[in-house]
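Here the structure comes first, spelled out in structure tokens, and everything after it is commentary.
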Protein chains: 2
Amino acid sequence: MKTKERATISDAEWEVMRVVWTNKQTTSREIIAILESKMNWKPATIKTLIGRLVEKGMLQAKPEGNKYLYQAAVSEEESVEEKSSAFFEHICNKKAGKTLAYLLEEAELSFDDVGLLEKVLQQKKQEAVTEVSCKCTPGQCNCKASYDEA
Amino acid sequence: MKTKERATISDAEWEVMRVVWTNKQTTSREIIAILESKMNWKPATIKTLIGRLVEKGMLQAKPEGNKYLYQAAVSEEESVEEKSSAFFEHICNKKAGKTLAYLLEEAELSFDDVGLLEKVLQQKKQEAVTEVSCKCTPGQCNCKASYDEA
DNA sequence: ATCTATAGTTTACATTTGTAGTCGTGTTTT
DNA sequence: AAAACACGACTACAAATGTAAACTATAGAT
């Protein structure tokens with residue numbers, strides 16, 4: 001049924017991706033060096049993850065002598081956005097605002113961040129609606145009756 | 001190594017939880033009625049998910065005659081927060097602000113939401129720092145050299 | 001009292017994920 | 001050249017997840 005959608009990056013694989021995203025062009029040796037202690041993984045484990053990421057098309061492996069140079073085939077932004085969107089699919093649209101407020105509270109922000117957020121928020125204020133539309137399947141959220149919400 | 005952490009709610013299971021969170025007290029019949037068409041799941045599938053959620057301690061099953069009344073054993077807020085925190089562990093602290101800005105842009109917000117967010121943001125402005133501390137393992141983000149960032 | 005619809009329990013099975021060992025083959029070192 | 005090593009490929013294997021059939025007990029219908 002699935003529209004041949006892009007495979008997802010698992011948590012363990014994500015650790016590897018972060019290394020590759022950080023080091024544009026890297027080797028398995030370097031990835032292993034960076035993750036072995038942080039994750040307490042055996043080199044073999046990391047090799048497996050690299051292999052899977054290549055299979056999934058998330059990593060590109062350029063032959064370099066008898067080994068490979070790895071580089072990301074998907075951007076970090078793109079991936080983060082995908083993962084976060086997936087997360088928001090778990091909650092009702094109407095709860096997005098409150099959830100964002102929560103995340104905001106939890107975050108450590110710089111003045112610049114706050115500035116950026118203020119700007120975006122100002123913009124959102126323009127497009128703000130009186131009532132966010134709930135697209136949930138009946139029975140999966142309590143929005144349908146707008147009057148039963150404060 | 002893991003501190004006997006609470007099991008997680010998988011995506012499929014999450015669908016069931018949403019029904020239970022919405023209907024404080026519910027029956028498998030109702031859960032099935034709600035999800036069968038939305039998810040294109042067979043009743044058996046939903047029964048399995050319910051069973052697993054009970055095992056995991058996410059659902060409480062109160063005997064009611066020969067069947068059960070199900071209710072959530074964990075709150076939706078708590079669960080959403082856990083899932084979102086897990087997500088933010090995937091990115092460098094320094095990127096949290098930009099990511100939030102992205103999420104904000106993507107969200108459909110009401111005036112109330114904007115108001116709430118403004119309030120929270122004002123508060124964050126107080127506690128804002130000049131530079132967010134990066135806690136990443138070297139090699140997993142580019143923050144270490146604060147001067148190589150604009 | 002019997003039949004039947006139903007809810008829960010058990011079993012099933014492929015895929016994904018986490019975690020890793022082994023093997024073959026070049027590469028580096030001595 | 002021989003030994004050691006490094007890297008990718010292949011294999012392994014348990015747990016989690018998605019998906020569901022089969023079986024069982026039972027409450028309600030007739």
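Note on naming: letters A, B, ... go to the chains in the order of the sequence lines (proteins, then strands), and numbering restarts at 1 for each one.
- For A:W41, there are no ring pair (Phe, Tyr, Trp, His ring centres under 6.0 Å) partners two or more places apart in sequence or in a different chain.
- Atom-to-atom, CD1 of A:I50 to C1' of D:dG8 comes out at 10 Å; the value is rounded to the nearest Å.
- Residue B:I46 contributes atom CD1, which lies 11 Å from atom C1' of D:dA20 at whole-angstrom precision.
- Checking A:I9 against A:T48, the closest nucleotide of DNA chain C that is more toward the 5' end is the one next to A:I9.
- For the segment residues 53-68 of chain B, residues with any heavy atom less than 4.0 angstrom from an atom of DNA chain D are, sorted by number, B:K56, B:N66.
- Comparing atom distances between the B:A44 side chain and each of D:dT19, D:dA21, D:dG8 picks out D:dA21 as nearest.
- Nucleic acid contact for A:T45: base, since at least one base atom lies under 4.0 Å from a heavy atom of the residue.
- The aromatic rings of A:W14 and B:H90 sit tilted, their planes meeting at an angle between 30° and 60°.
- Taking a 4.0 Å limit (strictly below) on heavy-atom distances, residues 75-89 of chain A does not reach DNA chain D anywhere.
- Put simply, CD on A:E82 and CD1 on A:I9 are 7.5 Å apart, with the number rounded to the nearest 0.5 Å.
- Applying the salt bridge (Lys or Arg N to Asp or Glu O under 4.0 Å) definition to pairs two or more places apart or across chains, those involving residues 22-49 of chain A are A:E15-A:K38.
- The CG-P distance, from B:D11 to D:dT17, rounds to 9 Å in whole Å.
- Checking the phosphate oxygens (OP1, OP2) of C:dG8, a side-chain nitrogen or oxygen of B:S28 falls inside 4.0 Å.
- Residue contacts shown for B:T27 are absent, as no nucleic acid heavy atom lies under 4.0 Å away.
- To the nearest angstrom, C1' of C:dT9 lies 13 Å from CZ of B:R52.
- Atom P of nucleotide C:dT16 and atom CH2 of A:W14 are separated by 19 Å, given to the nearest angstrom.
- Among the atoms of the strands shown, only primed sugar atoms or phosphate atoms (P, OP1, OP2) are found under 4.0 Å from some heavy atom of A:R29.
- Using a 4.0 Å cut-off between charged side-chain N and carboxylate O, A:K94 and A:E131 make a salt bridge.
- Using a 4.0 Å cut-off, some side-chain N or O of B:Y70 falls inside it from OP1 or OP2 of C:dG8.
- Following rounding to the nearest Å, A:I32 (CD1) and D:dA6 (P) show an atom-to-atom distance of 11 Å.
- Between C:dG18 and A:S10, a contact under 4.0 Å exists linking OP1 or OP2 to a side-chain N or O.
- Residue pairs satisfying the salt bridge (Lys or Arg N to Asp or Glu O under 4.0 Å) criterion with at least one member in residues 53-66 of chain A, sequence neighbours excluded, are listed as follows: A:E13-A:K56.
- Hydrophobic side-chain contacts under 4.5 Å tie B:L69 to no other Ile, Leu, Val, Met, Phe, Trp or Tyr residue.
- Protein atom CD of A:E15 is 13 Å distant from nucleotide atom C1' of C:dG18, rounded to whole Å.
- Residues forming a side chain to side chain donor-acceptor pair (under 3.5 Å) with B:Q71 (at least two apart in sequence, or on another chain): B:Q25.
- Rounded to a whole Å, the CE atom of A:M39 is 13 Å from the C1' atom of C:dT17.
- For the side chain to side chain donor-acceptor pair (under 3.5 Å) test, residues two or more places apart in sequence or in another chain that qualify with B:S110 are B:D113.
- Counting Ile, Leu, Val, Met, Phe, Trp and Tyr side chains that sit under 4.5 Å apart, directly or through other members, A:V129 shares a hydrophobic cluster with A:V132.
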